[in-house]
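Read the numbers this way: they start at 1 and go in the same order the structure lists the ligands and their atoms.
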Amino acid sequence: MAATVIDGKAFAARVRGQVAEHVARLKEESGIIPGLAVVLVGEDPASQVYVRSKGKQTVEVGMNSYEHKLDVDTSEADLLALIDRLNKDADVHGILVQLPLPSHLNEDMVINSIDPAKDVDGFHISNVGLLGTGQKSMVPCTPLGCLMMLRDHHGSLSGLNAVVIGRSNIVGKPMAQLLLNDSCTVTIAHSRTKDLAEVVGRADIVIAAVGRPEMVPGDWIKPGATVIDVGINRIDKPEGGTRLVGDCDYASCAAVAGAITPVPGGVGPMTIACLLANTVTACCRAHGLIEPQGLTA
Ligand code: NDP
């Protein structure tokens, strides 16, 4: 039987709709408008596209967007001073520093200078610790989007075998932690894992977050498993030009899986939707108001 295609584009539109409703209610009932500040250092073309897209979607759901574009040679002191101002600004509920930063800036130091309550990317060491101990935190956007889709598809994830391929701080590790918090039995695989095919073959849920085009073939997948493909890889087309593919070989995986996310149109659109969700959640927490349901872990 063909796999159910988990439509991340439609799901993300639903999440944005819920965020917009909550923002409208906040405005009406409390006169509060959530605000998201995005800081971009330098002119990396991909980062510029992300930042533009984030700003546009922030405004579309009724929130305030504050964009700070800094020169590529901005000093660490100047960047930290800006973050300090944003930390103190009551109109700013979420702060995102677009990564990667130019090499002269210490990413860890910059991220850890953000007020954890405003850290809508969930990368601050306090949020990492809170997530790791199962406490209320800001959750990284891409894994949060994957979790929302999995919960929607499965209902309860309790007792399912989950394999996360990739152990990065922004995707693999927080994803594994979220699945563990939802009572999955979690295996984290990486470049040193032995017999990855056998490990993946045991999984009811496979999360691929590697960055290697079409690395996971369908014959690794247990029949009926759910495949969440986080990878975004651009490859050359034989006829010229390029196309986007995931870390899973879509056709062969879809032939075996019970459900699968496509690339593009799967996990990708959920990431910005979850950023907006985190911003409204941060705003509600800052004001001691009820958080939107279903928009956080
Ligand atoms: P990283 O490069 O930081 O991490 C990749 C991970 O894959 C590492 O843990 C690495 O292992 C592991 N890995 C590499 N090769 C193999 C292999 N042959 N077998 C098993 N594991 C392997 O990547 P990210 O986590 O940042 O991103 C992963 C992918 O997700 C990329 O394609 C990225 O573009 C995409 N992405 C998509 C997002 C979205 O919004 N949809 C958001 C963020 C990322 P080791 O640690 O041993 O080196």
Does any non-hydrogen side-chain atom of Met148 lie less than 4.5 Å from one of Cys274?
-> yes
Go through ligand 1 atom by atom and flag the ones less than 4.0 Å from a non-hydrogen atom of Asn233.
-> 32 (O)
What is the closest protein heavy atom to atom 9 (O) of ligand 1, and at what distance does it sit?
-> Arg167 N, 2.8 Å
Test of proximity, Ile232 against ligand 1: N or O pairs below 3.5 Å = yes
Closest to atom 14 (C) of ligand 1 (heavy atoms only, candidates Ile228, Val210, Asp229) is Val210
Hey, is Thr142 touching ligand 1 through its side chain, its backbone, both or neither, going by heavy atoms under 4.0 Å?
-> side chain
Which residue supplies the protein heavy atom nearest to atom 29 (C) of ligand 1, what is that atom called, and how far is it?
-> Gly211 N, 3.7 Å
Contact (N/O only, under 3.5 Å) between Thr271 and ligand 1 | yes
Among Ile95, Asp91, Val38, find the one that has a side-chain contact (heavy atoms from CB on, under 4.5 Å) with Tyr66.
-> Asp91
Are Ile221 and Val164 connected in a single hydrophobic cluster, I mean Ile/Leu/Val/Met/Phe/Trp/Tyr linked by side-chain heavy atoms less than 4.5 Å apart?
-> no
Do me a favour and list the nearest non-hydrogen protein atom to atom 36 (N) of ligand 1 with residue, atom name and distance?
-> Val230 O, 3.7 Å
Linked, directly or transitively: Val128 and Ile111 (ILVMFWY side chains, under 4.5 Å) = no
The closest protein heavy-atom partner of atom 1 (P) of ligand 1 is Ser168 CB, 4.1 Å
Pick whichever of Cys146, Pro143, Gly268, Ser191 has a heavy atom sitting closest to atom 45 (P) of ligand 1.
-> Ser191
Nearest non-hydrogen protein atom, atom 43 (C) of ligand 1 = Val171 CG2, 3.8 Å
Between OG on residue Ser65 and CD on residue Gln57, distance to nearest 0.5 Å | 11.0 Å
From Thr226 OG1 over to His153 NE2, what is the distance, rounded to the nearest 0.5 angstrom?
-> 4.0 Å
Which distance, rounded to the nearest 0.5 Å, do you find between the CE of Met175 and the CG of Leu144?
-> 9.0 Å
With hydrophobic residues grouped by side-chain heavy-atom distances under 4.5 Å, do Ile228 and Val199 end up in a single group?
-> no
Over all heavy atoms of both residues, which pair between Leu275 and Leu96 is shortest? Give the atoms and the distance, please.
-> CD1-CD1, 3.5 Å
Do other residues, nucleotides or ligands put more than 12 heavy atoms under 6.0 Å from the NZ atom of Lys9?
-> no
Quick one: pull up OG in Ser183 and CG in Leu157 and give me the separation to the nearest 0.5 Å.
-> 9.0 Å
Among the heavy atoms of Ala209, does any lie under 4.0 Å from an atom of ligand 1?
-> yes
Should the proximity of Met270 to ligand 1, defined as any heavy atom under 4.0 Å, be assigned to the side chain, the backbone, both, or neither?
-> neither
What protein heavy atom sits nearest atom 15 (N) of ligand 1, and how far off is it?
-> Arg212 NE, 3.0 Å
Protein residue, atom and distance nearest to atom 26 (O) of ligand 1, heavy-atom basis | Ile170 CD1, 3.6 Å
Heavy-atom nearest neighbour in the protein, as seen from atom 21 (N) of ligand 1, with distance rounded to 0.1 Å | His190 C, 3.1 Å
Shared hydrophobic cluster, Val227 / Val216 (ILVMFWY, side-chain heavy atoms < 4.5 Å) = yes
Those atoms of ligand 1 less than 4.0 Å from some heavy atom in Val267 = 41 (N)
Report the part of Thr193 in contact with ligand 1, treating N, CA, C, O as backbone and CB onward as side chain, heavy atoms under 4.0 Å; options are side chain, backbone, both, neither.
-> neither
Ranking Pro140, Gly8, Gly166 by closest non-hydrogen atom to atom 6 (C) of ligand 1, top hit is Gly166
